[in-house]
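Below is one structure, written out as structure tokens; comments come after it.
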Number of protein chains: 4
Amino acid sequence: MHFENHIPIYLQIIELIKKQVILGILKPGDKLESVREFAAEIKVNPNTVQKAYQEMEREGLAYSQRGIGRFIVEDESLVKQLRHDASKLIIEDFISKMTEIGYSNDEILDRLKAKLNGG
Amino acid sequence: MHFENHIPIYLQIIELIKKQVILGILKPGDKLESVREFAAEIKVNPNTVQKAYQEMEREGLAYSQRGIGRFIVEDESLVKQLRHDASKLIIEDFISKMTEIGYSNDEILDRLKAKLNGG
Amino acid sequence: MHFENHIPIYLQIIELIKKQVILGILKPGDKLESVREFAAEIKVNPNTVQKAYQEMEREGLAYSQRGIGRFIVEDESLVKQLRHDASKLIIEDFISKMTEIGYSNDEILDRLKAKLNGG
Amino acid sequence: MHFENHIPIYLQIIELIKKQVILGILKPGDKLESVREFAAEIKVNPNTVQKAYQEMEREGLAYSQRGIGRFIVEDESLVKQLRHDASKLIIEDFISKMTEIGYSNDEILDRLKAKLNGG
DNA sequence: GTGGTCTAGACCACA
DNA sequence: GTGGTCTAGACCACC
């Protein structure tokens, strides 16, 4: 796996897993790969995966059962929630950044349409 | 000046100045505030401003004249260039993030329109 | 290590490392000494080494991995490239300087031969 | 006039004048342009020209007569001397730099010949 | 342990 | 006055 240099790897791991939940690759209640397994697979230090998993627990996205493993929380509304939270942040961030460099709402929409229709 | 906590101050300074150029507050050829002046004004260490300025030089946005000061490069196309580069990055980032969490082009546009028309 | 007085130490560090890469003492992919280690070894401030290393990163000669270390880029053509770039600059600089003080191509060659053969 | 950024302007001025002497544009005994005239011509601060002239006096290359002006020293061997000194430094610098990056004497000669014959 | 950032303070050459 | 460099020392996040 390829990591962006300026963002902590453990955060990138969390984002990766969140996306998999949003896209249905991982479902509520599913077991996560073990720290060692996953670390080996994506070639990072196990401590880094450990930190990512712990952070996910802290956020209420996962929980651990001793001796058995870690699981995505069994909250069926989780997917919707994640998707909604993520998209809201992304959209707000987008608008504020464009506004800061002087784009009006109409220009933002125009630029986006142009980009979506053809590159 | 108020700084975001997790982004290096020198990067925030660069962004601030780029925005000022884009918005026409600073024009090509204009003299930048001296390192010491600017540092005092925004209450950071002069070295931090120095680092920001030097990074801007490396990016080709400014140049220094010893004993005289630092200047925005005298490239009249600079403003357009900066605005275009910035908006391109922002838009591409936006689309790729939305796509990664499963939004279609139409959904992206719909969500954006909704947000722009009233929140 | 001995430093020329009028050239910034951090630039001399960069030149030193480039030469080591060119001469094969450092190979692509090799780990650089840590900032602190190297600083202690050559008796300069760690910040000075840091600055040299960061400049090498900007030039695409090295990259850093947080918490792990810094490495020469894993580009096998790097050595050739560095050697070629360096020699090209040196030769062009030499010829232009000699030409500027009125030496013809033949005279340049004669003077060089004389110097190489003994004096 | 265009100045290299990393070399002090006053040194570049000295080099310029030395070259003019070597090339016979300025002859021993010739009057130098006044500080103000020259400064205006090459668009630098008069102080900078002043410093260049003073340094040339210190080196024994020029002398001043109060109220009259500054002159290149009337030493007929000066031209030869300057040319010889300059070329010696340039050649030694060239050889040592090429040797440091692993070029043998033969390779140095080959590269130079290649460059002089067409490249 | 590693690199990254920041502060404080100093000295220098240059204009 | 200006920018450029360097030191000393500190704190942080990351691995």
Side-chain angles (χ1 to χ4, degrees), chain A residues 3 5-13 35 39 43-52 55, chain B residues 3 5-13 31-40 42-57 62-71, chain C residues 3 5-13 31-40 42-57 62-71, chain D residues 3 5-13 35 39 42-52 54-55:
Chain A
F3 295 105
N5 208 4
H6 52 292
I7 302 173
I9 294 177
Y10 80 93
L11 287 181
Q12 296 185 51
I13 292 173
V35 169
K43 288 181 186 133
V44 301
N45 190 304
N47 288 336
T48 308
V49 175
Q50 177 72 5
K51 180 157 186 180
E55 181 64 23
Chain B
F3 293 109
N5 217 351
H6 52 291
I7 302 175
I9 296 174
Y10 79 94
L11 288 180
Q12 295 184 51
I13 293 173
K31 189 175 178 305
L32 291 170
E33 284 191 88
S34 84
V35 170
R36 290 160 173 84
E37 242 179 42
F38 196 28
I42 62 179
K43 295 191 181 108
V44 300
N45 188 286
N47 286 336
T48 304
V49 175
Q50 176 78 352
K51 185 167 183 178
Y53 279 5
Q54 282 181 339
E55 184 62 28
M56 286 167 56
E57 248 172 86
Y63 65 94
S64 63
Q65 282 187 277
R66 287 158 309 184
I68 301 181
R70 262 196 186 79
F71 303 84
Chain C
F3 294 108
N5 217 349
H6 52 292
I7 302 175
I9 296 175
Y10 79 94
L11 287 182
Q12 297 185 50
I13 292 173
K31 188 175 180 302
L32 291 170
E33 285 192 86
S34 85
V35 169
R36 290 162 172 86
E37 241 178 43
F38 196 28
I42 62 179
K43 294 190 182 106
V44 301
N45 189 288
N47 285 337
T48 305
V49 174
Q50 177 79 352
K51 186 167 182 178
Y53 279 4
Q54 282 181 336
E55 185 62 30
M56 286 168 55
E57 248 172 88
Y63 66 94
S64 63
Q65 281 187 277
R66 287 158 309 185
I68 300 181
R70 262 198 186 79
F71 303 84
Chain D
F3 295 105
N5 207 6
H6 52 290
I7 302 174
I9 294 177
Y10 80 93
L11 287 180
Q12 296 185 52
I13 293 173
V35 169
I42 61 178
K43 288 179 186 134
V44 300
N45 191 304
N47 289 337
T48 308
V49 174
Q50 178 73 7
K51 179 155 186 181
Q54 282 176 344
E55 180 65 21

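C:Met56 places none of its side-chain heavy atoms less than 4.5 Å from the side chain of C:Tyr10.
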Strictly under 3.5 Å: I want the nitrogen or oxygen pairs between protein and nucleotides 12-15 of chain E, one per line.
residue, atom, partner, partner atom, Å
E:dC14, OP2, D:Tyr10, OH, 3.3

Bracket notation of DNA chain E in which parentheses pair within the strand, [ ] cross earlier pairs, and | pairs with another strand (Watson-Crick or G-U, under 3.5 Å): ||||||||||||||.

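The minimum heavy-atom distance linking C:Arg66 with A:Ile9 is given by the pair NH2-CG1, 3.5 Å. Scanning all heavy atoms of the two residues, the minimum distance from C:Ile68 to C:Lys31 falls at O-CE, 3.4 Å. In terms of heavy-atom proximity, B:Ser64 sits nearest to B:Arg70 at CB-CG, 3.5 Å. Residue D:Pro46 comes nearest to D:Ala39 through the heavy atom pair CA-CB, 3.7 Å, listed as atom of the first residue, atom of the second, then distance. The two residues A:Asn45 and A:Asn47 have their closest heavy-atom pair at OD1-N, 2.8 Å. Considering all non-hydrogen atoms of both residues, B:Gln65 and B:Phe71 come closest at OE1-CE1, 3.6 Å.
Under the side chain to side chain contact (heavy atoms under 4.5 Å, CB included) test applied with C:Phe38, the options C:Leu32, C:Ile13, C:Thr48 reduce to a single match, C:Ile13.
At a threshold of 4.0 angstrom between heavy atoms, the contacts of C:Gln54 are confined to the sugar-phosphate backbone, with no base atom among them.
Of the possible polar contacts, none joining the C:Gln50 side chain to the C:Val35 backbone as a donor-acceptor pair under 3.5 Å is found.
The residue among B:Lys31 and C:Lys43 whose nearest nucleotide of DNA chain F lies closer to the 5′ end is B:Lys31.
From the 5' end on, the contacts that DNA chain F makes with chain B at under 4.0 Å to a non-hydrogen atom open and close at F:dG1 to F:dC6.
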